**Student:** 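Dropping the structure in here first, questions after.
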Amino acid sequence: MSDAQYGPDFWDEFYRGDSTVWSGAPNQVLVEEVAGLPPGRALDVGAGEGADAVWLARNGWRVTAVDISRVALDRAAAHAREYGEELGSRIDWWCADVTTTAPERAAYDLVTAFYFHLPLHPRANALRGLAASVAPGGTLLVVGHDPRELELLDDPDQGPSPDSWFMPEEIAALLDARVFDLQTATIRSRTAPTEPANRRDEEHDHGHGHDHGGGHSADVVVRARRRT
Ligand SMILES: C[S@@+](CC[C@H](N)C(=O)[O-])C[C@H]1O[C@@H](n2cnc3c(N)ncnc32)[C@H](O)[C@@H]1O
């Protein structure tokens, strides 16, 4: 994996600056998919500026928010502090590269990875570790940008490499059918407005976008429940 494009320095630089990158609102698919689940321990992977982790904590979850970027996590912790000390105490901020450091096994009632676009091999390694970290009865939720939108990028060289995009079937195939009950593996159109959400210029977007913008109109959504 190229550290220049995907390592901590790249992401620290991405998040460094005066303004936040993302909208501060939780991802629409998170709200839709998690609203009906009983709260427990959650792991949010690639937590960025923490909007999803904060939403989970506000909805009763005890959250571990992991990101490769310390700068992102500092921003995220500041965002959480806006909601008070009690909420902040419900979130652990963990700086780690999940392609090389696997989370605790069978520990989380919910594991989420939103717009976690890495090249194929590190992505597969990371996702195996994430699947193993789901507790019996727990839920894995992986959401990405629709790869069919790759051709719509103004400058594909600015975005993640083409093999960083994934179809639902690829994620589903990584899950052991004896262990996971696949509940959703689909591409879903968004109902939220798609005007740019980045608080910064489009040039900072690097094609990653966000649920509320970046010109994206559909998401890959994979949800599975661990049986055993
Ligand atoms: C496109 S952003 C999405 C952020 C957030 N999930 C959201 O929806 O707004 C991808 C995030 O994954 C993080 N990331 C990238 N590679 C990672 C890795 N190997 N381990 C942990 N986090 C990583 C980046 O720092 C970034 O915050």
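All figures in this text were calculated on a predicted structure; none of them were measured in a lab. In what follows, every heavy atom counts, from backbone to side chain, and hydrogens, waters and symmetry copies are set aside.
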**Student:** Report yes if some heavy atom in the side chain of Trp165 is under 4.5 Å from a heavy atom in the side chain of Arg148; otherwise report no.
**Tutor:**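 Side-chain contact under 4.5 Å: no.
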
**Student:** Taking all non-hydrogen atoms of both residues into account, name the closest pair between Asn125 and Thr99 and its distance.
**Tutor:**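 Reported closest heavy-atom pair: CB-O, 4.3 Å.
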
**Student:** Give me the atom names and distance for the closest heavy-atom approach of Arg227 to Phe180.
**Tutor:**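 Scanning both residues, the minimum pair turns out to be NH2-O, 3.6 Å.
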
**Student:** Between Leu127 and Leu130, is there a side-chain heavy-atom distance shorter than 4.5 Å?
**Tutor:**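 They are in contact (side-chain heavy atoms under 4.5 Å apart), so the answer is yes.
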
**Student:** Determine whether His145 and His216 make a side-chain contact, defined as any pair of heavy atoms from C-beta on separated by less than 4.5 Å.
**Tutor:** yes

**Student:** What orientation do Phe14 and Phe10 show, parallel under 30°, tilted 30 to 60°, or perpendicular over 60°?
**Tutor:**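 Rings of Phe14 and Phe10: parallel, as their planes differ by under 30°.
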
**Student:** Between atom CZ of Arg225 and atom CG of Leu37, what is the distance when rounded to the nearest 0.5 Å?
**Tutor:** 9.5 Å

**Student:** Going by the side chain to side chain donor-acceptor pair (under 3.5 Å) test, which pairs reach into residues 175-184, not counting sequence neighbours?
**Tutor:**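 As it turns out, the side chain to side chain donor-acceptor pair (under 3.5 Å) pairs with a partner in residues 175-184, which skip direct neighbours, are Asp176-Arg178, Gln183-Arg223.
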
**Student:** Could you tell me whether the side chain of Pro136 reaches within less than 4.5 Å of the side chain of Thr228, counting heavy atoms only?
**Tutor:**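 No, every pair of side-chain atoms sits at 4.5 Å or beyond.
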
**Student:** Does the pair Val222 and Leu182 meet the rule for a side-chain contact (heavy atoms from CB on, under 4.5 Å), with working shown?
**Tutor:** CA-CA 8 Å; Val222 178; Leu182 189 63; 4.0 Å; yes

**Student:** Report the C-alpha distance between His117 and Arg123 in whole Å, list the side-chain angles of each, state the deciding distance to 0.1 Å, and finish with yes or no for side-chain contact (heavy atoms from CB on, under 4.5 Å).
**Tutor:** CA-CA 8 Å; His117 290 278; Arg123 178 170 74 241; 5.9 Å; no

**Student:** Can you see which heavy atom on Val220 is nearest to which on Pro147, and at what distance?
**Tutor:** CG2-CD, 3.7 Å

**Student:** Are a donor atom and an acceptor atom from the side chains of Asp219 and Tyr115 found within less than 3.5 Å of each other?
**Tutor:**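 The criterion, which ignores hydrogens and geometry beyond distance, is satisfied for Tyr115 and Asp219.
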
**Student:** Test Leu43 against Thr112 for side-chain contact (heavy atoms from CB on, under 4.5 Å), laying out the working first.
**Tutor:** CA-CA 6 Å; Leu43 176 70; Thr112 57; over 6 Å; no

**Student:** Taking atom CZ of Phe166 and atom CG of Asp146, what is their separation to the nearest 0.5 Å?
**Tutor:** 10.5 Å

**Student:** Could you give the distance from OG1 (Thr64) to CZ (Arg90), rounded to the nearest 0.5 Å?
**Tutor:** 12.0 Å

**Student:** Less than 4.5 Å apart, side chain to side chain, heavy atoms only: is that true for Thr186 and Pro168?
**Tutor:**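 Not in contact.
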
**Student:** Taking all non-hydrogen atoms of both residues, which atom of Gly48 and which atom of Asp67 are closest, and how far apart?
**Tutor:** N-OD2, 2.8 Å

**Student:** Locate the shortest heavy-atom distance separating Val221 from Glu33; write the atom from each residue and the value.
**Tutor:**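 Taking every non-hydrogen atom into account, CG1-OE2, 4.4 Å.
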
**Student:** Check the pair Phe116, Val142 against side-chain contact (heavy atoms from CB on, under 4.5 Å), reporting the backbone distance first and the verdict last.
**Tutor:** CA-CA 8 Å; Phe116 192 62; Val142 179; over 6 Å; no

**Student:** Between Trp93 and Tyr83, is there a shared hydrophobic cluster once you connect ILVMFWY residues whose side-chain heavy atoms come closer than 4.5 Å?
**Tutor:**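 Yes, because Trp93 and Tyr83 connect within a single hydrophobic cluster, where side-chain heavy atoms sit under 4.5 Å apart.
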
**Student:** Nearest heavy-atom pair of Pro119 and Tyr6: which atoms, and what distance?
**Tutor:**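 Looking at all heavy atoms of both residues, the shortest contact is CG-CE1, 3.8 Å.
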
**Student:** With rounding to the nearest 0.5 angstrom, report the CG to OG1 distance, Asp97 to Thr100.
**Tutor:**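 Reported to 0.5 Å precision, the distance equals 3.5 Å.
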
**Student:** Rounded to the nearest 0.5 Å, what separation is found between the OH atom of Tyr15 and the CG atom of Leu73?
**Tutor:**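 Going from OH on Tyr15 over to CG on Leu73, the span is 9.0 Å.
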
**Student:** Hey, is the main chain of Gly24 close enough, under 3.5 Å, to the side chain of Glu49 for a donor-acceptor pair?
**Tutor:**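 No, Glu49 side chain to Gly24 backbone: no donor-acceptor pair under 3.5 Å.
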
**Student:** Flag the pair Val66 / Val98 as yes when at least one side-chain heavy-atom distance between them is below 4.5 Å, and no otherwise.
**Tutor:** yes

**Student:** Can you tell me how far apart SG (Cys95) and CG (Asp12) are? Round to the nearest 0.5 Å.
**Tutor:**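 Here the rounded value is 7.0 Å.
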
**Student:** Within the structure provided, determine whether Ile91 and Trp61 are in side-chain contact (heavy-atom separation under 4.5 Å).
**Tutor:**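 No, side chains not in contact.
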
**Student:** Which donor-acceptor pairs under 3.5 Å do side chains of residues 101-110 form with protein atoms, sequence neighbours excluded?
**Tutor:**
| unit_1 | atom_1 | unit_2 | atom_2 | d |
| --- | --- | --- | --- | --- |
| Asp109 | OD2 | Arg41 | N | 2.7 |

**Student:** A side-chain contact here means heavy atoms from C-beta on lying under 4.5 Å apart; do Leu140 and Arg226 qualify?
**Tutor:** no

